[in-house]
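Notes to accompany the following structure.
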Amino acid sequence: MAASVVIGGLVSVAAASASASTTTAPTLFSDPSSLVNPLAGTGAAPVAPGNVGEFPGADLPFGMIQWSPDTAPDRTDGSGYAYADSHIYGFSLTHMSGTGCASYGDIPVLPTVGPIGSNPENASDSFSHAHEQASPGRYQVALGRSSKVTAELAVTTRTGLSRFTFPASDHANVLFKVSGSANGVSHSIFRVTSNDEISGQVTSGQFCGTGTNYTLYFTARFNRPFSSVGGWNGPVVTPGAKSCAGTACGAFVSFDAETNRVVLMKVGISFVSAGNATRNLDVEDPGWSLSTVESVARKKWNALLGRARIGGGTRSDERTFYSALYHSLLHPNVVSDTNGQYAGSDGRVHRSTSHTAYAN
């Protein structure tokens, strides 16, 4: 049977059989994103027999943020995720697809329950694929086999919104592994800027030994005040700490979830400044509706994926096609902020009012 693809009004016909004499008319799907499997390429059988370095988390086409789980602290490719792994060390804000070299994995965020412990940088929690859901622009997973914490993630181009649902506890925590980038860091900073907001930055890089660095800035805002805060610098954990500067910084904020078990957190990022990260957050996601962010992301994916119409083949073939098309639209990535500023390859900050700047 022959298969056909229509993109921008052009028809490409690929014959799957030499005897095929007809081609099924291309079909217009109203929701092609529903045919995408973001887990394809992570080693998930039967979709992919091996790991080609894909990540399953929440992202938009060419988005600046790729909010995705990291299943090993020393993952050597850009995805940070392998289907065979059983623990999540955090949900970091940046990833690259299919690179073959360690890259990004900046600012892993991990919800936990109970005392912070003496080594929060290496904290992790177990997960099962039976309690994991991934679709374009959205990711959800339940952490832990006994006291489960459910993490739901959705994104705009430069920001993310999460909903953490904790078991009833007066020690519901969110860890920020500020120095947890995949390639190590040369500098990291966090500051608690109010009773519901934290910001910071990390300098990392050295992608595939290129010798180049970047600095990623973030601002994270919560829908209610912290009950307590703290941080760590290397092996030293300091309850109550509201700032850190060094090569091994991390922060934690805690909440009383005895009666209100849900904590919402949104985060904005920038490669220019903490102020721009905050501005991106204010511009792109002024509300607290996870369903709204998910809906907008789905519409954006459908608008782009829907430019390709396919005919012939099986539903499995359709899923393979749209999953591959989805992965081809993850990079390059937006690097300019909502005000047009971006960090140039010359190390200076530039501003463009006429176009969006991309990298990767």
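- For the residue pair Tyr217 and Asp337, no side-chain donor N or O sits within less than 3.5 Å of a side-chain acceptor on the partner.
- Side-chain contact of Asp106 with Thr94: a donor-acceptor pair under 3.5 Å is present, judged by distance alone.
- Ring pair Tyr322/Tyr326: centre-to-centre distance not below 6.0 Å.
- Under the 4.5 Å side-chain heavy-atom criterion for grouping Ile, Leu, Val, Met, Phe, Trp and Tyr, Val263 is not connected to Leu281 through any hydrophobic cluster.
- Asn213 and Thr203 share no side-chain donor-acceptor pair at under 3.5 Å.
- Ring centroids of His350 and Tyr342 are separated by less than 6.0 Å, placing the two rings close together.
- The distance between the ring centers of His129 and Tyr83 falls below 6.0 angstrom.
- A distance of 6.5 Å separates CD of Gln201 from CZ of Arg191, quoted to the nearest 0.5 Å.
- With 3.5 Å as the limit, one finds a donor-acceptor pair spanning the side chains of Thr159 and Thr156.
- In this structure, Val113 and Val149 have side chains that are in contact, with non-hydrogen atoms separated by less than 4.5 Å.
- Rounding to the nearest 0.5 Å places CH2 of Trp232 at 12.0 Å from OG of Ser118.
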Intermediate values then yes/no, side chain to side chain contact (heavy atoms under 4.5 Å, CB included), Phe255 and Arg224: CA-CA 9 Å; Phe255 302 86; Arg224 54 186 169 120; 4.2 Å; yes

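- The six-membered or imidazole ring of Tyr139 lies away from that of Trp67, with a centre-to-centre distance of 6.0 Å or more.
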